Each structure stands twice: as structure tokens, then as C-alpha cells.
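This is a predicted model, so every value here is computed, not measured. All values below come from the heavy atoms of this structure, side chains included, with hydrogens, waters and symmetry mates left out. Naming convention: chains lettered A, B, ... in sequence-line order (proteins, then strands); numbering from 1 in each chain.
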Number of protein chains: 2
Amino acid sequence: MDVERILRARGRRITPQRRLILSIIQEHEGHLSADEIYHLAREKRPRLSLSTVYRTLDILRESGLISELHLDRDLLRYEIQRDEEHQHLVCLGCGRVIEFKCAHCTRMHQDLALQYGFKITGSRVELLGYCAECQQKQAE
Amino acid sequence: MDVERILRARGRRITPQRRLILSIIQEHEGHLSADEIYHLAREKRPRLSLSTVYRTLDILRESGLISELHLDRDLLRYEIQRDEEHQHLVCLGCGRVIEFKCAHCTRMHQDLALQYGFKITGSRVELLGYCAECQQKQAE
DNA sequence: TTATATGCAAACAATTTGCATCCTG
DNA sequence: CAGGATGCAAATTGTTTGCATATAA
């Protein structure tokens, strides 16, 4: 499959651990922390070590297969790198994360290329606020 | 001054340490890590402890006087909270950070309020890429 | 004069590294 | 079978906490 080609092209080997970790990130559609991935993976492969998780996440990130999110203050979360760029909307009340696509961001990239000669290779757009429900709860 | 009113309103005291730390963030116009602030502050006040720096940063953040940036993978940076919202453009080559204001982002907030009923209270917009100079160096 | 802040040291949590062993290519 | 990958334990790094002492209000 494609993933294997990408890893091999970088001189990396395909191991059951790497397959497993990637499949977990895929199934859970992202937003998992390293530790969560570790625990989920150990259900299937109890000898897996946390360092392997970290090393694998590094490799997958370098290879552009996953991307890192700073949704929390103190740890990183991971999701599959998709083709279409998207942004995250985080509710500070209940913690839910909504993903959205935003045409404005595309225009922003174009503007910056024009204005500063910057070549944008990645972006973190994380908006924080309160969802409709949490706003209502606060009002009560 | 205003800062003191804000802190007092929250039952916080004004101490030389807090003044110093805030003034350092002001002078350096942000993008400083806790450790950098610590070292700069110790030049003026050698007995200052790192924990005081962290505690002060917490308080200043809670009070809305400074804000946190995730410009790096592994640590937080701080800057004075200004009225006008702005975004950060980070060069992965040389590390320089350009601040910019973006009308598109304002529109994005409006869209999200409309579409999801979300009330946006803060945002992290960090764009990563390569500045003109670093692109040129890479080309060579 | 009393609650809040500080400094110091020790504790923590997330991540990284060293190294012997294992296993993919 | 050789070099990359793993598991384990130990080290590192950024940040937080406990506690006795100092200090702002």
C-alpha cells in the first residue's frame, strides 16, 4: 500500500508495531495523545513500549503521514494527515473538537505568499471558545 | 497603572518579581520562553526562582495580561496580550516569527459563530513555512 | 498582622536516549 | 547477516508542588 512505499522511500522498515500504531490513529480519526495510542496499542500487543510509540510517531510525522495538534496545553495529539487542509475548533467547556474547512485560510496563505514571500508548508489553526450547549449551561 | 488594578481586582499582590517579569515580556515584545524570561530576570534579580516565573506567568495569563504561544513543539512562549488580535508566521528555516493581522480570520470567526453557534474566545493561528531568504538558501 | 508570595528542593509528567537484543529487508 | 527497530530502564526537560520564610496590604 501507499504507506509502505512512503516509509520505504525514506529507508524505514515496515514493522508490526508501526502498522498497529498507524491503524489506531486511523480508526480513531485522530485527536489521540501518545499515551492514549500506547494504551490502545497494548490491548493488541502487550509488550509494546511507550518509546516505540514515540519513535513511531516521530517517523510518521517526518514522513508526512500524520500531523501533530496542540489542542491541549501540555501534550500533543496526533491525527492522520489528510489531503484537504482543515482547522480545529475546541470547546473550552466540554472539550469537544469540531473540524472545519475554511476558505478564508486558503486566501490567507495566498496573501502571505504575496506579502512576505513566505512559502507556507503547514498551519495550525485552533480556535477556542464555547459551543452552543456550553454557552447555555453557563447562562443558567 | 492599569496592570496593578487588574491584578488587585483578582486579589493578587503587586511584587517586584511580578513587575520585573511583566516588564521583560513587554520589552522583548514577546516570544520568550519561561526559561528565557527566567535568565533575563535573574540578571536584575539573582535570587529569583524559576517557580516564581512559572507562577507569575500563570497569574498573568489568568488575568489576561499575557498570552501563550505554541510556536515550538516542546515549550510555551509568552507575549503581552494586545487588543488587536494577530497571528504568527514561523519560519522553519531560521526560526524568525512574523506577526500579522488578517481580516480573513475575523470573517472565519463570524462564519463559525453562524454555522456552529460557537462563541470564539481565543485563537491560535500559527502558520509554518519558509521565508524568502531561507527558500533561496535551500535552492542553492 | 495575616494572607499571599517567594525561594528552594523535591516531585511530576511528557518525552528522549543508551544499550543489548531482535527482526526486516 | 547487517543495519535499522524494539523493549526496557534510566536520563532529560519543562513544569508543578510542599513547605518554611519573607513581604505586601
Side-chain angles (χ1 to χ4, degrees), chain A residues 1 3-22 24-25 31-63 65-66 68-78, chain B residues 1 3-25 31-63 65-78:
Chain A
M1 71 205 301
V3 169
E4 310 205 346
R5 275 216 293 76
I6 292 173
L7 290 179
R8 288 222 176 80
R10 307 194 140 236
R12 319 241 73 140
R13 296 179 174 174
I14 314 297
T15 65
Q17 289 89 334
R18 289 177 182 176
R19 266 191 232 279
L20 174 59
I21 288 169
L22 190 57
I24 284 173
I25 301 175
H31 308 164
L32 292 173
S33 68
D35 199 61
E36 286 163 356
I37 293 167
Y38 172 62
H39 287 291
L40 288 167
R42 278 178 70 107
E43 289 175 12
K44 301 225 167 150
R45 175 175 267 266
R47 307 271 319 272
L48 181 76
S49 79
L50 187 52
S51 28
T52 297
V53 172
Y54 278 109
R55 284 189 278 231
T56 300
L57 291 172
D58 267 0
I59 286 166
L60 296 175
R61 180 171 43 83
E62 278 173 19
S63 313
L65 292 167
I66 62 174
E68 279 178 355
L69 305 175
H70 272 105
L71 300 180
D72 298 77
R73 206 178 113 76
D74 46 351
L75 51 71
L76 293 166
R77 300 187 164 275
Y78 297 87
Chain B
M1 70 204 299
V3 169
E4 310 205 346
R5 276 217 290 77
I6 292 173
L7 290 179
R8 289 224 175 78
R10 306 194 141 235
R12 302 300 193 176
R13 294 177 177 177
I14 314 297
T15 66
Q17 289 89 333
R18 290 177 182 176
R19 267 190 231 278
L20 175 58
I21 289 169
L22 190 57
S23 78
I24 284 173
I25 301 174
H31 308 163
L32 292 174
S33 68
D35 199 60
E36 285 164 355
I37 293 167
Y38 172 62
H39 287 292
L40 287 167
R42 278 177 70 105
E43 290 175 11
K44 301 224 167 153
R45 177 174 265 268
R47 308 270 319 270
L48 181 75
S49 79
L50 187 51
S51 29
T52 297
V53 172
Y54 278 109
R55 284 189 277 231
T56 300
L57 291 173
D58 267 1
I59 285 166
L60 296 176
R61 182 170 41 82
E62 279 174 18
S63 313
L65 292 167
I66 62 174
S67 54
E68 278 179 356
L69 306 175
H70 272 105
L71 300 181
D72 298 77
R73 206 179 111 77
D74 45 350
L75 50 70
L76 293 167
R77 299 186 166 275
Y78 296 86

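- A distance of 11.0 Å separates CG of Leu22(A) from CZ of Arg18(A), quoted to the nearest 0.5 Å.
- You'll find that the side chain of Arg8(A) is closest to dG25(C), out of dT6(C), dG25(C), dT15(C).
- Rounded to an integer number of Å, the gap from CG of Asp74(B) to C1' of dT12(D) is 12 Å.
- With contacts defined as side-chain heavy-atom distances shorter than 4.5 Å, the pair Ile14(B)/Val3(B) does not qualify.
- Asp58(A) has its CG atom 15 Å from the C1' atom of dG4(D), to the nearest Å.
- A straight line from CG of Leu48(A) to P of dC22(C) spans 17 Å, rounded to a whole angstrom.
- Atom C1' of nucleotide dT16(D) and atom CZ of Arg55(B) are separated by 9 Å, given to the nearest angstrom.
- Residue Arg61(A) contributes atom CZ, which lies 13 Å from atom C1' of dT16(C) at whole-angstrom precision.
- Straight-line distance from the CG atom of Leu50(B) to the P atom of dG18(D): 17 Å, rounded to whole Å.
- Between Thr15(B) and the phosphate of dT6(C), there is a side-chain N or O to OP1/OP2 separation shorter than 4.0 Å.
- A sub-4.0 Å separation between OP1 or OP2 of dC8(D) and a side-chain N or O of Arg47(A) is present.
- None of Arg13(B), Arg12(B), Arg19(B) except one satisfies the side-chain hydrogen bond (donor to acceptor under 3.5 Å, both in side chains) rule with Glu4(B); the exception is Arg19(B).
- Residue whose closest nucleotide on DNA chain D sits further toward the 5' end, between Ser49(A) and Arg12(B): Ser49(A).
- Arg61(B) has a carboxylate O that lies under 4.0 Å from a charged side-chain N of Asp58(B), or vice versa, which qualifies the two as a salt bridge.
- The phosphate of dT16(D) (OP1 or OP2) has no side-chain N or O of Ser51(B) nearer than 4.0 angstrom.
- Looking at Leu7(B) and Leu65(B), their side chains come closer than 4.5 Å, going by heavy atoms from C-beta outward.
- Computed from coordinates, the Tyr54(B) OH to dA5(C) C1' distance equals 18 Å when rounded to whole Å.
- Here Arg13(A) does not reach the OP1 or OP2 of dC23(C): none of its side-chain N or O atoms lies under 4.0 Å away.
- When rounded to the nearest whole Å, the span between CZ of Arg18(B) and P of dA24(D) equals 11 Å.
- The phosphate of dC23(C) (OP1 or OP2) has no side-chain N or O of Gln17(A) nearer than 4.0 angstrom.
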